[in-house]
Amino acid sequence: RLIGDTSPLRTTPTLVIANPRDELISFSGLKDWISDNHLAPGWRLVSLEPHPRTPFLAGHIMIDERSLGASEWAHLTSLLRDFLRQHSSAGDRSQVSQ
């Protein structure tokens with residue numbers, strides 16, 4: 001679905017993280033929506049495929065290492081850290097720790 005004026009969204013750096021096998025949100029639908037609304041390159045869509053430690057955990061639950069698995073959790077925290085470093089103002093960068 002197209003949205004109205006996307007200029008404020010296009011100028012807001014956004015990292016969208018999704019599971020391509022999510023039961024609720026279509027990854028290809030997200031990709032198309034970002035494209036159709038001309039939000040790229042400011043919006044970046046990244047796929048994460050959880051390998052949860054807890055059986056039967058829904059695929060869209062990506063909140064901690066237990067829900068993602070160690071490898072994907074490390075990938076997620078690295079993505080978030082890099083995104084925040086890249087898009088934080090110079091004065092705020094000291095707040096983004098390792």
Side-chain angles (χ1 to χ4, degrees):
R1 177 176 171 186
L2 295 177
I3 55 177
D5 179 19
T6 60
S7 21
L9 294 175
R10 273 188 261 139
T11 59
T12 304
T14 304
L15 180 61
V16 181
I17 300 165
N19 178 352
R21 292 188 235 167
D22 191 293
E23 312 88 352
L24 299 176
I25 303 294
S26 163
F27 190 85
S28 63
L30 275 173
K31 188 175 182 178
D32 291 344
W33 186 83
I34 290 169
S35 175
D36 292 347
N37 286 286
H38 309 285
L39 299 174
W43 283 43
R44 180 176 168 210
L45 178 60
V46 177
S47 70
L48 285 182
E49 295 193 33
H51 303 286
R53 291 186 198 163
T54 305
F56 311 111
L57 194 61
H60 60 271
I61 306 293
M62 299 191 296
I63 58 172
D64 58 14
E65 186 174 345
R66 193 176 78 191
S67 62
L68 277 170
S71 175
E72 289 296 273
W73 178 251
H75 185 206
L76 173 62
T77 55
S78 176
L79 284 168
L80 293 173
R81 189 178 305 115
D82 292 346
F83 179 82
L84 291 172
R85 281 188 180 134
Q86 183 178 4
H87 298 291
S88 295
S89 64
D92 294 336
R93 288 191 180 156
S94 62
Q95 300 299 316
V96 181
S97 62
Q98 288 201 24

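Residue numbers start at 1 and run along the sequence shown.
- Residues satisfying the side-chain hydrogen bond (donor to acceptor under 3.5 Å, both in side chains) criterion with T14, sequence neighbours excluded, are W43.
- Separation of atoms CG (N19) and CG (L24) is listed at 10.5 Å; rounding is to 0.5 Å.
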Determine all donor-acceptor pairs shorter than 3.5 Å in which one atom belongs to a side chain in residues 3-10; sequence neighbours excluded.
{"unit_1": "D5", "atom_1": "OD1", "unit_2": "S7", "atom_2": "N", "d": "3.1"}
{"unit_1": "D5", "atom_1": "OD1", "unit_2": "S7", "atom_2": "OG", "d": "2.4"}
{"unit_1": "D5", "atom_1": "OD2", "unit_2": "S7", "atom_2": "OG", "d": "3.2"}
{"unit_1": "T6", "atom_1": "OG1", "unit_2": "R10", "atom_2": "NE", "d": "2.9"}
{"unit_1": "T6", "atom_1": "OG1", "unit_2": "R10", "atom_2": "NH2", "d": "2.8"}
{"unit_1": "T6", "atom_1": "OG1", "unit_2": "N37", "atom_2": "O", "d": "3.4"}
{"unit_1": "R10", "atom_1": "NE", "unit_2": "H38", "atom_2": "O", "d": "3.4"}

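- Note that the CG atom of L39 and the OG1 atom of T12 stand 9.5 Å from one another [nearest 0.5 Å].
- One distance of note links CD1 of I34 with CG of L45; it measures 4.5 Å at 0.5 Å rounding.
- In terms of heavy-atom proximity, F83 sits nearest to P13 at CZ-O, 3.4 Å.
- Smallest separation of non-hydrogen atoms from P20 and F27: CA-CB, 3.6 Å.
- Residue P50 comes nearest to L48 through the heavy atom pair CD-O, 3.3 Å, listed as atom of the first residue, atom of the second, then distance.
- The ring pair (Phe, Tyr, Trp, His ring centres under 6.0 Å) check on W73 picks up nothing, with sequence neighbours excluded.
- In terms of the side-chain hydrogen bond (donor to acceptor under 3.5 Å, both in side chains) criterion, residue partners of S26 (sequence neighbours excluded) are, by chain and number, S28.
- By the side-chain contact (heavy atoms from CB on, under 4.5 Å) test, D32 is found to be paired with D36, residues two or more places apart in sequence or in another chain being considered.
- Looking only at distances, a side-chain donor or acceptor of E72 sits under 3.5 Å from a matching main-chain atom of E49.
- Within the model, atoms CG of D82 and CG of L15 stand 10.0 Å from one another, a figure rounded to the nearest 0.5 Å.
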